[in-house]
J.: 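Sharing a structure, written as structure tokens. Questions coming.
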Amino acid sequence: MINNCKAVEVAKNIYWVGAVDWSLRNFHGYETSRGSSYNAYLILDEKITLIDTAKIDFKDELLARISSVVDPAKIDVIVSSHVEPDHSGALREVAGIAKDAEIITTNPNGLKGLTARYGNLNYKPVKAGDEISIGARTLQFVPTPMLHWPDSMVTYCPEEKILFSNDAFGEHLATSMRFDDENNLEVILHEAKKYYANILMPFGKQAQAALKALGNLEIKMIATGHGVIWRKNIEKILDCYKIWSSGAVNERVVVVFDSMWHSTEIIAQTIVEAFAARKIPAAYYDVKFTPLSEIVTDIFTSKYLAVGSPTIHNQMMPTIAQFLCYIKGLRPLNHKAFAFGSYGWGGQSVAQVEDELKAAGFEIILDKIKIANLPTKDQLDEITEKILALSL
Ligand code: FEO
């Protein structure tokens with residue numbers, strides 16, 4: 001598609017040549033309310049080097065930005081940090097133009113993944129500690145396995161003190177300005193937390209290993225694979241990753257529920273009020289109205305979770321089953337939970353919710369709250385008393 005996109009110089013002879021996906025609202029199930037970007041970087045040195053490509057739908061934007069500073073056929077080296085197609089999607093197209101370029105990827109996982117997707121190209125597999133000279137600059141490769149795929153890798157340029165971090169430290173955020181200090185920091189940090197919660201939460205140990213591996217590097221800029229480039233708030237995002245990867249949680253409860261005829265909703269409201277009476281802040285999410293990716297971002301750093309569902313066809317509500325499936329995959333650490341819900345006759349849902357919470361690794365701190373039909377005032381008072389008496 002025709003476009004007028006240009007490269008953005010982010011350091012002397014280093015350009016952002018990625019693509020902005022303004023309209024993205026769903027990234028494999030992750031609700032991306034602010035869009036995203038697929039960041040690629042072009043280094044003009046003796047060997048012209050491209051770090052990552054973009055989602056295939058954005059190959060024209062990528063090639064236009066590259067062409068605004070150099071003929072893409074002159075690219076000598078392509079670094080593929082990550083096989084996932086939001087970064088490698090246009091690899092075959094770029095390699096088809098830059099016919100002699102070598103493609104750097106991790107061994108064996110990057111090599112296997114790229115070969116499976118794009119066939120035999122001119123791959124050069126690397127391992128931890130490998131580096132190449134591209135002229136005045138060196139590129140050092142640091143594999144970050146399972147952060148968040150087996151092949152994931154970051155690249156450090158010591159002469160520039162730039163870390164090309166791919167998925168790490170990024171966020172799904174479409175912006176016209178490329179740097180952290182040119183955008184709203186509060187929004188960036190929220191989206192970075194949401195990214196960590198939805199993509200990296202299961203990989204805290206791997207994130208800590210990566211932070212350790214990067215710990216001795218002097219970093220002036222973190223050139224991420226999504227969202228903004230960090231140049232002002234580098235310590236801030238590194239500190240956030242230290243906290244997030246540690247599994248630290250706050251005294252806060254997240255109440256998540258669905259309701260058919262308001263009974264489960266009334267119990268949810270009672271739970272919120274009871275925790276508030278204990279001076280523990282509460283969040284209240286009817287799953288019909290808030291995307292799961294936002295809810296899990298809140299759960300991620302909240303110590304307590306209450307999940308409610310009425311019974312329908314002898315089951316929990318499908319919306320709650322979906323939520324529990326999602327949270328189980330993310331394997332949150334250090335969380336405590338309980339189940340609640342209403343029913344007309346069978347009443348199986350609450351035990352099903354509790355079983356799924358246990359399977360997801362939550363410590364159950366309160367016996368199932370299960371109420372037939374509409375809760376009475378006495379029953380709500382009893383719930384409140386139980387929460388006030390909980391040893392937390
Ligand atoms: Fe941004 Fe794991 O790809």
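Note that ligands are numbered from 1 as they come in the structure, with each ligand's atoms numbered from 1 the same way.
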J.: Which atom name would you report as the N, O or S atom of D86 nearest atom 1 (Fe) of ligand 1?
T.: OD2

J.: Within less than 2.8 Å of atom 2 (Fe) of ligand 1, any N, O or S from E84?
T.: yes

J.: Classify the angle between the aromatic ring planes of F338 and F275 as parallel (below 30°), tilted (30 to 60°) or perpendicular (above 60°).
T.: parallel

J.: In terms of the angle between their ring planes, are Y241 and Y196 parallel, tilted or perpendicular, with boundaries placed at 30° and 60°?
T.: perpendicular

J.: Do you know which N/O/S atom name in H148 is closest to atom 2 (Fe) of ligand 1?
T.: NE2

J.: With a 4.0 Å cut-off, would you call D298 and R252 a salt bridge?
T.: yes

J.: Tell me the angle that OD1 of D167 and NE2 of H87 form around atom 1 (Fe) of ligand 1, rounded to 10°.
T.: 80°

J.: Is atom 2 (Fe) of ligand 1 less than 2.8 Å from at least one N/O/S atom of H82?
T.: yes

J.: Classify the ring geometry of F203 against H148: parallel below 30°, tilted from 30° to 60°, perpendicular beyond 60°.
T.: tilted

J.: Where does the angle between the aromatic ring planes of H226 and Y195 fall among parallel (under 30°), tilted (30 to 60°) and perpendicular (over 60°)?
T.: tilted

